[in-house]
Amino acid sequence: MENAKKELTLQPGKKRRIGVMTSGGDAPGMNGAVRAVVRMSIARGCESYAICEGYEGLVKGGDLIKQMFWEDVRGWISEGGTLIGTARCAEFRERPGRLKGAKNLILKGIDALIICGGDGSLTGADIFRTEWPGLLKELVDTGELTAEQIESHKHLNIVGLVGSIDNDMSMTDATIGAYSSLTRICQAVDFIDSTAFSHSRAFVIEVMGRHCGWLALMASISTGADFVFIPEKPPSEGWHDEMCEIVAEHRRLGKRKTIVIVAEGAIDRELNKITPGMVKDLLANRLGLDTRITTLGHVQRGGSACAYDRMLSTLQGVKAVEAVLAATPETPSYVISIIENKITKKPLMEAVKLTQAVATAIAAKDFDKAISLRDAEFLEYFNCYRTTTMTAKPCLRLPENKRMRIAIVHIGAPAGGMNSATRAAAAYCLTRGHRPFAIHNGFPGLCRHHADSISSVRELSWIEVDGWVSKGGSEIGTNRTLPSEDIGKTAWCFEHYKFDALFVIGGFEAFTSVSELRKARDKYPAFRIPMVVLPATVSNNVPGTEFSIGSDTCLNALIDYCDAIRQSASASRRRVFVVETQGGRSGYVATIAGLSIGAFAVYTPEEGINIGMLARDIDRIRESFANDHGQGRAGKLILRNERASKTYTTEIIANMIREEAKGRFESRFAIPGHVQQGGSPSPMDRVRAVRLAVKCMQFLEQEGQMETAVIGIKGSKVVFSPMEEVERDETDWAERRPKLEFWMGLRDVADTLSGRFRPVPVTEPPAEPGLYDCM
Ligand code: ADP
């Protein structure tokens with residue numbers, strides 16, 4: 001075996017060797033990135049090597065740089081932390097340490113490196129790359145390596161992936177791990193919330209973020225905290241008074257609990273630290289509140305990655321392999337980023353410099369610059385938070401003649417985040433002086449009102465909506481029925497309540513409802529008001545957007561369910577589970593959940609199911625079980641969308657697999673059903689609901705606005721698309737989904753990474769010395 005290893009290192013084959021490393025602080029999702037890099041490297045005909053323990057492994061070499069095989073990363077996507085280890089390495093900061101690193105890479109024949117870490121790790125990688133030719137020259141000059149050994153490795157290509165729970169890197173909206181950490185924080189605050197309510201207490205909660213307030217700000221938006229302290233935007237000089245006024249106002253309105261979130265690095269405008277203790281003393285002494293401090297600590301790093309991080313790390317890992325293979329000595333080092341919904345590559349050192357400029361701007365007390373250097377989303381979220389929290393500020397009111405009566409209605413099935421959006425819209429209205437009216441139970445609720453004289457249209461107050469931020473379902477009630485059921489009565493009600501604008505939250509029916517109202521404008525003047533749809537549905541099938549509120553909650557519910565099933569499958573080896581997902585006639589949920597759990601196959605309505613496909617998949621499963629030599633404990637999962645086929649039901653597919661397995665493996669089916677609507681909405685759904693709802697309100701209040709539109713995330717942008725255009729150009733009415741579904745391209749990635757369309761993988765190193773090199 002030793003011989004074999006030596007042969008392997010000294011005689012690199014023709015295959016390109018790509019190294020992957022995790023470095024700096026660990027973050028949920030790093031394992032997903034490593035899995036994607038390993039498998040995509042192999043799928044692209046390269047060999048994959050893990051550099052264990054961060055730069056420590058690079059400097060020490062030997063067994064810390066080890067070849068990775070397809071099966072080595074099986075099940076990694078569901079694991080927290082980083083399984084290849086991480087460490088801080090002082091030696092790598094100095095040239096002699098990097099010299100050792102270069103030698104170790106050459107010995108293994110590696111000249112392409114993908115590093116998942118924070119800005120420190122990525123800076124180190126860029127320095128390493130720049131120094132590489134000089135390091136090799138020195139190694140040859142000193143006789144540590146021969147000229148032949150370095151001959152085909154003259155350039156080092158590196159690509160960065162940002163793994164950091166703080167979300168502290170510029171030029172990307174999200175870093176791998178940030179949303180998982182936010183999920184942990186929100187769970188904790190939601191728990192604290194109930195005890196705070198019971199005792200009418202105040203809690204000051206410290207969250208991580210020494211230089212970046214993203215976690216603190218997003219947690220405050222997601223949980224409806226009363227006040228937040230972040231380093232990039234310190235509060236104004238009189239913050240003691242301001243915080244106490246806001247908390248006192250919320251108490252005066254009837255709120256029984258107070259939550260203040262403090263980032264670890266919170267400071268005032270003079271750069272003095274603002275500590276949880278200081279905030280506690282103020283709340284206790286000035287307002288007389290029974291106040292406790294909770295420091296969340298390392299809980300924030302722990303646990304399995306949330307759906308978004310699994311998808312992000314997987315897709316970014318794939319992109320990183322592409323980028324490292326495409327790199328040339330002339331191209332800059334890249335970091336893989338995401339802007340809204342688009343994964344892209346950016347010049348690494350530019351991103352690092354911008355990130356470091358934030359700290360410089362803070363130190364220079366230039367806070368406007370500090371926040372502007374974060375991504376554009378950050379300031380927008382900050383402003384959303386302020387306008388939905390400071391409803392009592394008279395300076396934010398519009399003049400009387402610009403104030404409107406805005407109707408809010410939920411249409412279709414409930415989806416996580418509908419309540420968060422309603423709360424944000426109502427709070428924004430109150431801040432600006434508009435009057436928010438909830439239409440209860442959809443359009444039938446509105447029309448029935450005059451029949452049974454129970455008012456289904458009620459003005460929303462701040463205290464009524466405040467607690468809705470973390471609630472699943474629909475507090476104002478939702479209904480699928482379209483306004484065309486009684487369009488005349490609907491128009492009469494619009495006129496009766498003098499609605500000046502309409503905000504519709506829901507799925508495909510919400511979209512269809514606004515389409516009907518728009519078309520009825522000629523006949524009914526009551527509908528000649530601005531209207532906007534905020535897509536909210538687990539199915540994510542609304543035209544005009546790539547993201548619907550509620551779909552992230554659904555994905556998280558589904559991956560939790562599938563992780564539990566996988567656990568059961570790993571106890572009884574060689575089991576295939578067929579899980580039925582929701583999604584209507586859109587395969588989005590099935591595909592993205594499949595990508596996030598590493599499902600073997602995904603069956604969608606877009607593609608359908610046929611006998612050839614099933615036969616091929618069963619053959620692949622059979623081969624895969626035959627090849628794993630009893631090593632692969634985790635069972636296989638297949639996701640089938642509820643409408644993928646009328647004939648091949650979930651149960652039938654499970655039965656067919658069992659029949660064909662002939663006792664060599666087992667099969668079961670499972671249908672999570674409405675579990676997929678989720679309990680409490682995910683933080684991503686909550687924060688996006690708030691941001692998009694506030695944008696919708698701003699759209700409605702624009703001077704002379706008469707448009708009907710749908711708000712959506714398209715690629716790297718948030719856009720309002722006119723209904724008429726979306727109805728005509730983007731909607732597949734028969735199939736109730738967008739004509740072009742952005743995620744269709746991801747199916748190939750999912751199939752490649754799951755091994756569904758791949759030759760039988762080499763699963764293990766050889767048992768006999770030397771054998772490996774002959775293969
Ligand atoms: P993060 O990557 O999370 O920002 P650190 O800043 O601690 O974490 O960096 C992790 C490791 O990256 C360090 O221990 C060191 O080995 C390497 N590193 C960081 N900065 C540099 C640098 N300027 N030059 C060389 N290596 C560096």
Side-chain angles (χ1 to χ4, degrees), residues 19-31 33-34 50-61 64-65 80-82 84-105 113-132 134-135 138 156 158-172 174-178 180-181 208-212 214-215 231 264-265 298 300-302 309 313 316 320 333-337 346 348-360 362 373-374:
V20 59
M21 177 204 292
T22 52
S23 172
D26 68 327
M30 280 182 158
N31 290 321
V34 173
I51 290 121
C52 304
E53 314 300 339
Y55 288 115
E56 191 84 25
L58 196 61
V59 172
K60 291 204 171 122
L64 290 175
I65 304 180
T82 165
I84 60 171
T86 180
R88 312 243 185 228
C89 174
E91 214 179 335
F92 191 77
R93 287 181 181 273
E94 310 300 331
R95 198 169 188 278
R98 296 194 286 272
L99 198 67
K100 288 185 193 166
K103 182 177 173 186
N104 288 327
L105 283 190
L113 205 52
I114 294 169
I115 301 104
C116 183
D119 62 336
S121 306
L122 301 187
T123 305
D126 192 65
I127 292 171
F128 190 43
R129 182 198 184 205
T130 312
E131 286 180 355
W132 182 262
L135 295 172
E138 188 176 333
L156 175 71
I158 61 146
V159 170
L161 293 168
V162 197
S164 160
I165 62 162
D166 294 340
N167 204 7
D168 52 359
M169 183 68 109
S170 300
M171 296 180 94
T172 185
T175 56
I176 295 169
S180 302
S181 181
M208 282 186 172
R210 259 173 290 163
H211 307 291
C212 181
W214 188 87
L215 282 174
E264 242 178 329
H298 279 76
Q300 295 164 82
R301 282 194 184 279
D309 276 332
S313 59
Q316 289 196 335
S333 304
Y334 285 113
V335 62
I336 310 298
S337 89
K346 302 271 183 195
L348 189 153
M349 284 321 287
E350 217 174 288
V352 167
K353 279 193 190 113
L354 275 178
T355 307
Q356 288 164 352
V358 178
T360 313
I362 293 174
L373 288 170
R374 293 262 179 247

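Remember, it's a predicted structure, so these values are computed and weren't measured experimentally. Sequential numbering from 1 along the given sequence is applied to the chain's residues. Atoms within each ligand, like the ligands themselves, are counted from 1 in listed order. Reckoned from all heavy atoms, side chains included, excluding hydrogens, waters and symmetry mates.
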Review point. Quick one: which ligand 1 atoms are inside 4.0 Å of a heavy atom on Arg98?
Key: 25 (C)

Exercise for review: Decide if atom CZ of Arg210 counts as having more than 12 heavy atoms of other residues, nucleotides or ligands within a radius under 6.0 Å.
Suggested key: no

Check your understanding: What do the steps show when you test Asp126 against Val352 for side chain to side chain contact (heavy atoms under 4.5 Å, CB included), and what is the final call?
Key -> CA-CA 10 Å; Asp126 192 65; Val352 167; over 6 Å; no

**Study point:** Shortest protein contact, atom 6 (O) of ligand 1 (heavy atom only)
**Key:** Gly120 CA, 3.4 Å

Point to revise | Geometric N/O contact Gly118 with ligand 1, under 3.5 angstrom | key: yes

Point to revise | Passing candidate, side chain to side chain contact (heavy atoms under 4.5 Å, CB included) with Ile115, options Leu161, Val162, Ile158, Thr22 | key: Ile158

Point to revise | Residue-ligand contact Ser164/ligand 1, heavy atom below 4.0 Å | key: no

Review point. Counting from 1, what ligand 1 atoms have a heavy atom of Gly25 closer than 4.0 Å?
Key: 3 (O)

Practice item. Determine whether the side chain, the backbone, both or neither of Tyr55 has a heavy atom under 4.0 Å from any heavy atom of ligand 1. Key: side chain

Practice item. Quick one: look up the protein heavy atom nearest atom 2 (O) of ligand 1 and list residue, atom name and how far away it is. Key: Ser121 OG, 2.4 Å

Review point. Who's closest to atom 24 (N) of ligand 1 heavy-atom-wise, of Ile127, Ile165, Thr86?
Key: Ile127

Revision key, fill the gap. Atom 27 (C) of ligand 1 has as its nearest protein heavy atom Gly124 CA, 3.7 Å

Study note, to complete from the structure: Heavy-atom closest pair (Ile165 atom, Ala27 atom, distance to 0.1 Å) is CG2-CB, 4.0 Å

Review point. If you measure from each heavy atom of Glu56 to ligand 1, is any distance below 4.0 Å?
Key: no

Check your understanding: Can Ser180 and Asp309 be counted as having a side-chain donor-acceptor contact under 3.5 angstrom?
Key -> yes

Study note, to complete from the structure: Taken to the nearest 0.5 Å, the spacing of Phe128 CZ from Leu58 CG works out to 5.0 Å

Point to revise | Sidechain-backbone polar pair: Arg374 side chain, Ser170 backbone, donor-acceptor under 3.5 Å | key: no

Check your understanding: Can you check side chain to side chain contact (heavy atoms under 4.5 Å, CB included) on Ile51 and Leu105, steps first, answer last?
Key -> CA-CA 9 Å; Ile51 290 121; Leu105 283 190; 4.2 Å; yes

Study note, to complete from the structure: Nearest non-hydrogen protein atom to atom 14 (O) of ligand 1, with distance, is Cys89 N, 2.7 Å

Check your understanding: Can you tell me the protein heavy atom closest to atom 11 (C) of ligand 1 and the distance?
Key -> Ser23 OG, 3.9 Å

Revision key, fill the gap. for atom 5 (P) of ligand 1, nearest protein heavy atom and its distance come out as Arg88 NH1, 3.4 Å

Exercise for review: Report the C-alpha distance between Lys346 and Tyr334 in whole Å, list the side-chain angles of each, state the deciding distance to 0.1 Å, and finish with yes or no for side chain to side chain contact (heavy atoms under 4.5 Å, CB included).
Suggested key: CA-CA 5 Å; Lys346 302 271 183 195; Tyr334 285 113; 5.7 Å; no

Check your understanding: Considering only heavy atoms of Phe92, which atoms of ligand 1 have at least one such atom less than 4.0 Å away?
Key -> 16 (O), 25 (C), 26 (N)

Study note, to complete from the structure: The answer for which part of Glu91 has a heavy atom under 4.0 Å from ligand 1 is neither

Check your understanding: With only distance considered, is Arg93 within less than 3.5 Å of ligand 1 through an N or O on each side?
Key -> yes

Check your understanding: Any idea how Phe92 and Tyr55 line up, ring-wise: parallel (<30°), tilted (30 to 60°), or perpendicular (>60°)?
Key -> parallel

